[in-house]
Number of protein chains: 2
Amino acid sequence: MPEGVPMNFPHACMIKGDGGRTLRRILDQICNKWTLLVVATLDAGRLRFTDLHRQIPGISQRMLTLTLRNLERDGLVSRTVHAEVPPRVEYELTPAGRSLLQPALALAGWAIEHVPQIEASREAYSEQRGRGH
Amino acid sequence: MPEGVPMNFPHACMIKGDGGRTLRRILDQICNKWTLLVVATLDAGRLRFTDLHRQIPGISQRMLTLTLRNLERDGLVSRTVHAEVPPRVEYELTPAGRSLLQPALALAGWAIEHVPQIEASREAYSEQRGRGH
DNA sequence: CTGAATCCATATGGATACTG
DNA sequence: CAGTATCCATATGGATTCAG
């Protein structure tokens with residue numbers, strides 16, 4: 001660790017270790033438009049495709065499929081196909097997926113808490129800009 | 001809160017409150033390709049444009065500018081222009097910005113810890129797929 | 001029901017050149 | 001030094017259609 005730089009988190013050094021390249025690669029996929037929301041929804045337990053689709057308003061079938069595939073590929077979600085007709089497929093967080101829940105919800109919690117402040121700041125900013133020219 | 005759903009985080013209900021629409025809007029901007037990395041770098045204190053550009057390998061001038069503008073607009077970073085020539089501009093986290101540091105680094109820490117596991121899972125997944133056809 | 005495939009619009013982001 | 005402006009390639013993601 002460099003000289004008197006205030007590092008209040010043990011991973012801060014690792015983040016900058018390779019310029020954040022490794023971190024970015026993983027984070028880009030965890031932190032996208034839908035992943036955190038799907039993970040948060042799967043906190044409720046094992047759910048099937050349609051349940052997820054209904055509980056996450058606004059997500060398209062395509063994006064739900066892609067998000068679930070990525071989560072499955074990364075070992076964060078397990079996929080169970082029941083040999084029935086009509087087909088029934090259930091998704092569930094793996095232990096690794098559940099371990100993501102807490103930091104993900106912490107970030108989500110931060111976002112929710114700061115929505116009013118951020119939106120106020122944005123309005124002030126655009127007003128300022130508006131007067132500017 | 002619905003029936004016996006295991007909710008181990010106080011904000012989980014709010015996340016699904018509006019289907020995550022509000023959350024997504026904010027989270028999409030916090031959780032993009034560069035924001036977390038810029039915030040983490042500003043943990044070191046007040047930095048000028050060139051310092052940030054040098055400490056975040058891979059970021060383009062354009063994206064650093066855009067990311068800083070968004071953070072400034074959201075009240076998470078302050079921008080100080082010194083009336084000198086050549087110009088000197090310094091960026092620093094606001095208190096709100098600093099409050100983002102901990103959840104952001106927690107998520108980053110999770111990502112770093114799980115990189116090996118995730119990459120192993122990906123390899124296994126593509127091998128499986130490879131055998132599939 | 002659970003997808004995969006296709007089409008298309010927009011967003012993101014890098015490279016480069018230019019400015020005060 | 002600290003940007004802005006422009007061009008262009010790729011990524012993202014919605015809508016729709018088709019299939020097992």
Side-chain angles (χ1 to χ4, degrees), chain A residues 19-21 23-38 41-42 46-73 77-92 125 128-129 132-133, chain B residues 19-21 23-38 41-42 46-73 77-92 125 128-129 132-133:
Chain A
R21 271 177 273 265
L23 173 67
R24 264 205 333 272
R25 232 186 35 244
I26 302 296
L27 225 48
D28 278 3
Q29 286 141 359
I30 300 305
C31 235
N32 62 52
K33 187 165 185 169
W34 298 111
T35 300
L36 287 185
L37 211 53
V38 169
T41 303
L42 281 172
R46 183 178 303 180
L47 290 174
R48 48 194 300 190
F49 189 85
T50 310
D51 293 330
L52 283 167
H53 198 193
R54 191 176 48 247
Q55 289 190 35
I56 307 176
I59 197 171
S60 65
Q61 192 185 48
R62 170 185 157 84
M63 291 319 296
L64 180 54
T65 299
L66 289 178
T67 302
L68 287 169
R69 284 298 164 280
N70 285 334
L71 285 169
E72 186 195 358
R73 182 197 56 178
V77 158
S78 67
R79 179 171 179 267
T80 309
V81 184
H82 299 266
E84 303 173 4
V85 43
R88 180 164 57 101
V89 181
E90 291 180 318
Y91 295 92
E92 189 176 18
Y125 187 82
Q128 174 109 353
R129 286 262 150 171
H133 66 84
Chain B
R21 270 176 273 266
L23 174 66
R24 265 204 334 272
R25 234 185 33 243
I26 302 296
L27 225 48
D28 278 3
Q29 287 142 359
I30 300 305
C31 240
N32 62 53
K33 187 165 185 168
W34 298 111
T35 300
L36 286 186
L37 211 52
V38 170
T41 304
L42 281 173
R46 183 177 303 182
L47 290 175
R48 41 196 303 190
F49 189 86
T50 310
D51 294 330
L52 282 166
H53 198 192
R54 192 175 47 247
Q55 289 189 36
I56 307 177
I59 196 171
S60 64
Q61 195 184 41
R62 169 187 157 83
M63 291 319 295
L64 180 54
T65 299
L66 288 179
T67 303
L68 286 170
R69 285 298 165 281
N70 285 334
L71 285 169
E72 187 196 358
R73 182 197 56 179
V77 159
S78 67
R79 179 171 179 267
T80 309
V81 185
H82 297 268
E84 303 171 5
V85 41
R88 181 163 57 100
V89 181
E90 290 180 318
Y91 295 92
E92 189 176 17
Y125 187 83
Q128 174 109 352
R129 286 262 149 170
H133 68 86

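Naming convention: chains lettered A, B, ... in sequence-line order (proteins, then strands); numbering from 1 in each chain. Computed over heavy atoms, backbone and side chain alike; hydrogens, waters and symmetry mates excluded.
A donor-acceptor contact under 3.5 angstrom links the side-chain atoms of Q61(A) to the base of dA4(C).
In this structure, the side chain to side chain donor-acceptor pair (under 3.5 Å) partners of E92(B), at least two apart in sequence or on a different chain, are R46(B). Applying the side chain to side chain contact (heavy atoms under 4.5 Å, CB included) rule to T50(B) yields the partners R54(B); only residues at least two apart in sequence or on another chain are considered.
Counting to the nearest Å, the P atom of dC1(D) and the CZ atom of R88(B) are 13 Å from each other. H82(A) has its NE2 atom 16 Å from the C1' atom of dG3(C), to the nearest Å. A straight line from CZ of F49(A) to P of dG20(D) spans 18 Å, rounded to a whole angstrom. To the nearest angstrom, P of dT4(D) lies 10 Å from CG of L68(B). Between the CG atom of L47(B) and the C1' atom of dA2(D) there is a distance of 15 Å, rounded to whole Å. Remark: P of dC1(D) and CZ of R79(B) are 16 Å apart, rounded to the nearest angstrom. Going from atom CG of L64(A) over to atom C1' of dA15(D) covers 16 Å, rounded to whole Å. Computed from coordinates, the I59(B) CD1 to dG3(D) C1' distance equals 14 Å when rounded to whole Å.
Side-chain atoms of T50(B) lie closest to dC1(D) of the nucleotides dC1(D), dC1(C), dG3(D). Listed nucleotides: dG3(D), dC1(C), dC1(D). Nearest to the side chain of P87(B): dC1(D). When the nucleotides dC1(C), dG3(C), dC1(D) are ranked by their closest atom to the side chain of T65(A), dG3(C) comes out on top.
Between Q55(A) and T41(A), the closest heavy-atom pair is OE1-CG2, 3.6 Å.
Between the side chains of E90(B) and H82(B), a donor-acceptor pair is found at a separation under 3.5 Å. Checked by atom type, the side-chain pair T35(A)/N32(A) shows a donor-acceptor distance below 3.5 Å.
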Are any protein N/O atoms closer than 3.5 Å to N/O atoms in nucleotides 10-13 of chain D? If there are, list each pair with its distance.
from	atom 1	to	atom 2	distance (Å)
dG13(D)	N7	R62(A)	NH2	3.0

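One distance of note links CD of Q61(B) with OG1 of T65(B); it measures 5.5 Å at 0.5 Å rounding.
Partner W34(B) forms a side-chain contact (heavy atoms from CB on, under 4.5 Å) with one of L68(B), L71(B), I56(B), L66(B) and no other, that one being I56(B).
For dG3(D), one of the phosphate oxygens OP1 or OP2 lies less than 4.0 angstrom from a side-chain nitrogen or oxygen of Y91(B). Contact annotation: R69(B) reaches the phosphate of dG3(D) (side-chain N/O to OP1 or OP2, under 4.0 Å).
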